[in-house]
Number of protein chains: 2
Amino acid sequence: MTNDDLMTIRQMCDTFEVTPRTLRFYESKELLAPKREGQKRLFTRRDRARLKLILRGKRFGFSLEEIRQLLDLYEIGDDQETQLTQARAIAQNRLEDLKARRVDLEEAIADLEEQIAWGEETLQKLRRNPAA
Amino acid sequence: MTNDDLMTIRQMCDTFEVTPRTLRFYESKELLAPKREGQKRLFTRRDRARLKLILRGKRFGFSLEEIRQLLDLYEIGDDQETQLTQARAIAQNRLEDLKARRVDLEEAIADLEEQIAWGEETLQKLRRNPAA
DNA sequence: CGTTTGCCTTACGTGAACGTCAATGTGACT
DNA sequence: AGTCACATTGACGTTCACGTAAGGCAAACG
């Protein structure tokens, strides 16, 4: 009987560090679909799971529209073969994308570490030999 | 004397798959600083290196302003200790950021792979037992 | 020499993702 | 009943990262 997996908009905002406007905006774009108690929104566990994915998607630079499609992949309760096949295609594209990003990211990290190392070295030299 | 490390705007666009507008825009934001032959822009090897980093930064979702600061890290020919120390701080923040992203990314990839596996499995079942 | 081609600047337009403000409603105290 | 505190619905404003004409210059081609 823990039907208290419902959160108000403020609780959501505090939990996920977003503004009410953002949550309403996401709802208007059909990324979220909170229940209503009268006028007031009540966010379910499902909404929270989706919001988590939304924010992650954003960190990766996906647009909200792309994220919406991605979210649907996690929502297939349907048993239509066609849908599953389509979903697989989209998912695998995304996966390729993410893996490419991973390679890219490793390179960026390596570059930056190299740069930092160079900086350290230069600092050491400066300190051994002040006043160039 | 391969002083032909100079490229026209069109060559740049073809090489990096961006529009002239984009390159001019980046210049206006001081991310690039091509030479001029009369009115016309001529992009140097340095511009190309910077553009590469710019595009990578964009793929990671950094704003152009953030990227500009990052670029400066790769441009310290200066021997000022203060600058180097500051740069190190910024660079290490970026590095933390990137490493956090890497963790995040691994998680996203894992999730997606799991989702795809589930989809495959469901498809198999459907094919063994058509018409639910 | 005229015109096409390519680049230039200036400037207004655009889509995404919210911010912000105004008017209204509603439950919870006191 | 009054008055906070907070939520809701418009609706207009804003920032970022360019897109897209409009008009001009200049080399290059037929």
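Chain A is the first sequence line, chain B the second, and so forth, proteins listed ahead of strands; every chain is numbered from 1. Computation of the quantities below employed the complete heavy-atom set of this structure, encompassing side-chain atoms and omitting hydrogens, waters and symmetry-equivalent molecules. Remember, predicted model here, so these are calculated numbers, not experimental data.
In this structure, B:Asp72 has no side chain to side chain donor-acceptor pair (under 3.5 Å) partners at least two apart in sequence or on a different chain. In terms of the side chain to side chain donor-acceptor pair (under 3.5 Å) criterion, A:Thr15 has no residue partners (sequence neighbours excluded). Take B:Glu66 and apply the side-chain contact (heavy atoms from CB on, under 4.5 Å) test, not counting sequence neighbours, and it matches B:Phe62, B:Ser63, B:Arg94. Legend: residues meeting side-chain contact (heavy atoms from CB on, under 4.5 Å) with A:Gln86, ordered by chain and number and at least two apart, are absent. A search for side-chain contact (heavy atoms from CB on, under 4.5 Å) contacts involving A:Arg102 returns A:Lys99, A:Glu106, B:Leu105, B:Glu106, B:Ile109, not counting sequence neighbours.
Put simply, B:Tyr26 has a side-chain N or O that comes within less than 4.0 Å of OP1 or OP2 on D:dC18.
Residues B:Glu107 and A:Arg59 are not paired through a salt bridge, judged by the lack of any N-O separation under 4.0 Å between the basic side chain and the carboxylate.
Here A:Arg10 lies in heavy-atom contact (under 4.0 Å) with sugar-phosphate atoms only. Within the nucleic acid shown, B:Lys29 has no heavy atom closer than 4.0 Å to any nucleic acid atom.
At whole-Å resolution of the value, NZ in B:Lys35 and C1' in C:dC8 are 20 Å apart. Note: CD1 (A:Ile67) to P (C:dA17) measures 8 Å, nearest angstrom. The interatomic distance linking A:Leu42 (CG) with D:dC6 (C1') rounds to 14 Å, in whole Å.
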With B for base contact, S for sugar-phosphate-only contact and - for none (protein heavy atoms under 4.0 Å), nucleotides 19-29 of chain D reads BB---------
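Taking the nucleotide of DNA chain C with the nearest heavy atom to each of B:Gln11 and A:Phe62, the more 5' of the two is matched to B:Gln11.
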